[in-house]
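Every chain is numbered from 1, with letters handed out A, B, ... down the list of sequences. What's counted below: heavy atoms across the whole structure, side chains too, no hydrogens, waters or symmetry copies.
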Amino acid sequence: MTIASVIVDVPAKQTDRPFDYVIPAHLVEVIKPGMRVIVPFGPRKIQGFVIAVKPESDFGKLKELIEPMDITPILNQELLALGEWLTYETLCYKISAFQVMLPAALKAKYEKKLKLTADVTNLPAEIRTVFGADDMIPWEEAVKLGCLNLMQREVANGKVEIIYEVKERVRKKKLKHIISRLTKQQLAAEKENLPVQAVKQKEVIDFFLDAEAPVELRKLLSELGISASTIKGLVQKGFLEEKEMEVYRDPFEERVFSHTEALPLTEDQEKAIMPILASIREHNHETFLLYGVTGSGKTEIYLQSIQKVLQEGKEAIVLVPEISLTPQMVKRFKGRFGNEVAVLHSGLSAGEKYDEWRKIQKKEVKVVVGARSAIFAPFENLGIIIIDEEHETSYKQEDNPKYHARNVAIKRGTTHQCPVVLGSATPSLESFARAQKGVYTLLSMPNRMNNQALPGVEIIDMREELREGNRSMFSRLLLEKIEDRLEKKEQIVLFLNKRGHSSFVMCRDCGYVVNCPNCDISLTYHRASQRMKCHYCGYEAHVPKSCPECNSEHIRYFGTGTQKVEEELVKILPHAKVIRMDVDTTSRKGSHEKLLDQFQEGHADILLGTQMIAKGLDFPNITLVGVLSADTMLHLPDFRSSEKTFQLLTQVSGRAGRHEKEGQVVIQTYTPEHYSVELAGEQDFDRFYEKEMMVRKIHRYPPFYYLSLITVSHEELMKTVSITEKITSFIRSRLSNEAICLGPVASPIPRINNRYRYQCLIKYKREPELNTALKKILDQYQQEISLGGLQISVDVNPFILM
DNA sequence: AGCACGCCGACT
DNA sequence: GTCGGCGTGCTC
């Protein structure tokens, strides 16, 4: 007998193990490890992944596997093993690990239906009417009509049966194509036989005398300017044939990427690329930290390294933060490698993502450029993995499996014996420390290409401005410079970091802040709907007209949004043309690109925006960058807040003066003395690194210590506290003296959606037993978790400590 | 996660 | 008596 070991699509502790199924005789040759299959599970049918095929099973009463969902395995041996590794590293379920490696389109969709059986004797009239003319209805319809009990009885009587179906989420896109059924000679002969008046038909035959491959019907029609009936005629005569053929949804259809050639490298670049090329050539794994200031030409290094990899007949993965995966970026890769490139990012529809992914799987492309999840691209012959802006926190997935793309990259780099290149102008402290220790190889590019000077930065103390009577959000210097650039017809970028300082509403008399009744967090004011919203549970409320505490009518809106800045700008500088870029103005597909194009073409003077304009903008006419308030994220309860502030300010400053014209940066802040602001002003990463390393050392944070965070949540406060207490003391008993276990303490957000949250933070250097201990905790509380009362989340190397 | 099974209180 | 509420335990 041939048995398949299957991981079923049920994300729960109890089902997080293989289930064995007999492979029916006619499928024995077909079923391979890595395939998705449909299996019976209890009364249902569900999707599963075959992880092994073996001759026997320990289990007595096996069921038969129903059918495969793939023709060839969708996960190769490497990815199957990578899934196991992910499960171990992030303490997630096996099924979640497999699913995260695949495009969402491949996740199964389940349907439940009611079907009349052949036995229609004595069928109650009500049942008849519910079914109507059909013999099958969706389960939901019976629920809606409230006749479930009725149905259940008939199921027992054998008149109705419950059907479980597993469906694909996305169909392969198919379009009508026309192909010739005759040889060219035959076609030519038939053309002669056609009546004289069949002008159009003859034209079509001419076309097919030239054409090699099948042609899309739609394209054929528009190209020849004919109607469908012409084709129909020829099809009826048997000359041509209509065929449904699979096509890719192409998000870049009708776009031409002009080809670019490798650029000559600067001395810095030459020095940096050598070790990478050597690693490619010698097929050995090495992790490089490419530390190059903004404008030092990191992308060209990526491009030329990839070129080398392609010459070796291998493939490349390039990870880019979602936010900078702009058309500009895509253009650079498509320009160099043309059709060899697949692009994976969140702007694509599920179908488009699936199609791009399939190009990788079918080996039709050799390079993938994408966000975090592209690290799982199913290449089998990887030659290089590049992570651009490696310090970006978006490389860490915040929901299960809580993996970091950098770690996955290094894992895959080891398996494939290929280099991993981490690039940044402001490396994460973790990576830089590793480079200093020699774990990674440091490659520095301290100079900008063409040796342009880094932009001059001025830091403005906004408290000073306030003291001198300037209550606006623009300092006098910034305003002066803006006016100057407007006059010179040069462009300005204004940056506002709204994140971390959302607009809240406060009473000016008593300080009352409107909070969410379900979560211990202030409500955010939404201008568009004129309502207050909770970002965590979705609760909504009206804006109070007077203070609920003291009845004062002095309600004030805090936190400056881009909209408010825009209004202000219009007031102060009525002639300036402003383009605003934030989530609201870029939500529509393609609007991001459109706005940038407008700005590039000079249709506006000022580009005002959030996070999303901090990266990748490279326009020659930008000579002034203003940061409206540098310290909005500095005071978050996050040990990385200084690092993030420094990175963001450096990043934004890099937008100015990238070409001939000299750039200037004005940073407004309420804490100019803070080292992350000050050193960002001097663009001095090395000193920032030193300073921040000291702080991390004193407080025992990464990179000196690893972190793991356990968050417990429950509806009852007492229960939450007592369970966290037990967990904490258990963990403590399993740790060495070197490790520190902080807790139990309330989470920074102590209540979300009426669930109390407590946590335990573990700081450690080397704890080989920790993983086992954490697993044990999840096992221990398994029942209480599955009953729904308790939630325990474990985050190994967390990025958000909330 | 679903789903069946089973045991108890509230009704026709 | 039976309908339907939810706790319990299993799924190859």
Side-chain angles (χ1 to χ4, degrees), chain A residues 1-25 27-28 31-33 35-69 87 91-100 104 107-115 124 126-127 138-140 142-143 145-158 160-167 169 399-401 714-716 719 778-793:
Chain A
M1 224 174 356
T2 321
I3 310 294
S5 266
V6 175
I7 300 295
V8 293
D9 181 17
V10 181
K13 190 83 218 165
Q14 286 151 297
T15 49
D16 188 32
R17 61 187 174 85
F19 285 79
D20 288 351
Y21 290 88
V22 174
I23 303 177
L27 290 176
V28 167
I31 302 294
K32 298 273 180 320
M35 276 187 179
R36 296 174 305 150
V37 288
I38 298 174
V39 292
F41 199 65
R44 304 181 280 161
K45 278 188 211 168
I46 56 171
Q47 191 191 57
F49 287 84
V50 178
I51 54 162
V53 175
K54 53 187 188 180
E56 53 193 272
S57 169
D58 307 337
F59 194 76
K61 25 189 201 305
L62 293 178
K63 286 188 186 173
E64 272 199 355
L65 180 152
I66 297 171
E67 59 177 349
M69 291 180 82
T87 304
L91 299 158
C92 70
Y93 302 127
K94 292 181 179 67
I95 189 69
S96 319
F98 291 144
Q99 286 187 129
V100 81
K107 227 181 134 182
K109 212 167 67 180
Y110 298 105
E111 276 173 27
K112 196 175 168 187
K113 289 173 181 169
L114 291 163
K115 186 173 184 280
E126 301 154 272
I127 298 286
W139 176 270
E140 290 72 33
V143 176
L145 295 169
C147 56
L148 272 187
N149 44 357
L150 217 68
M151 288 296 167
Q152 242 138 25
R153 187 166 35 217
E154 295 313 317
V155 169
N157 288 340
V160 174
E161 59 181 332
I162 304 176
I163 306 277
Y164 295 91
E165 278 180 298
V166 183
K167 294 225 162 150
R169 228 158 250 269
D399 34 58
N400 286 329
H714 195 278
E715 282 191 11
E716 289 163 44
K719 189 104 189 167
L778 291 174
D779 278 344
Q780 197 88 51
Y781 292 94
Q782 177 208 305
Q783 299 103 315
E784 282 185 76
I785 292 170
S786 68
L787 287 178
L790 181 66
Q791 276 171 28
I792 300 177
S793 120

(message) Within the 4.0 Å heavy-atom criterion, would you say A:Lys45 contacts the bases, only the backbone, or no part of the nucleic acid?
(response) nothing

(request) Would you mind reading off the distance between A:Gln99 atom CD and B:dA1 atom C1', rounded to a whole angstrom? (result) 12 Å

(request) To the nearest Å, give me how far apart CD1 (A:Ile7) and C1' (B:dA1) are. (result) 16 Å

(request) For the pair A:Glu784 and A:Lys719, find out whether any cationic side-chain nitrogen is under 4.0 Å from an anionic carboxylate oxygen. (result) yes

(message) Can a donor-acceptor pair be found, under 3.5 Å and without considering hydrogens, that links the side chain of A:Thr15 to the backbone of A:Val10?
(response) yes

(message) Tell me if the aromatic rings of A:Tyr164 and A:Tyr110 count as close, with their centers under 6.0 Å from one another.
(response) no

(request) Nearest whole angstrom, please: distance from the P of B:dG2 to the CH2 of A:Trp139. (result) 13 Å

(request) Could you tell me whether the side chain of A:Asp16 and the main chain of A:Lys94 form a donor-acceptor pair under 3.5 Å? (result) yes

(request) Flag the pair A:Glu165 and A:Lys45 as a salt bridge only when some basic side-chain nitrogen lies within less than 4.0 angstrom of an acidic carboxylate oxygen. (result) no

(request) Would you kindly give the NZ-to-P distance between A:Lys112 and B:dC3, to the nearest whole Å? (result) 4 Å

(request) Classify the nucleic acid contact of A:Tyr164 as base, sugar-phosphate or nothing, counting any heavy atom under 4.0 Å across all strands shown. (result) sugar-phosphate

(message) I'd like to know if A:Lys113 pairs up with A:Glu111 as an ion pair, taking the criterion as any Lys NZ or Arg NE/NH1/NH2 lying under 4.0 Å from an Asp or Glu carboxylate oxygen.
(response) yes

(request) Can you check each nucleotide of nucleotides 2-12 of chain C against protein heavy atoms at under 4.0 Å and return B for base, S for sugar-phosphate only, - for none, in 5' to 3' order? (result) --S-----BBB

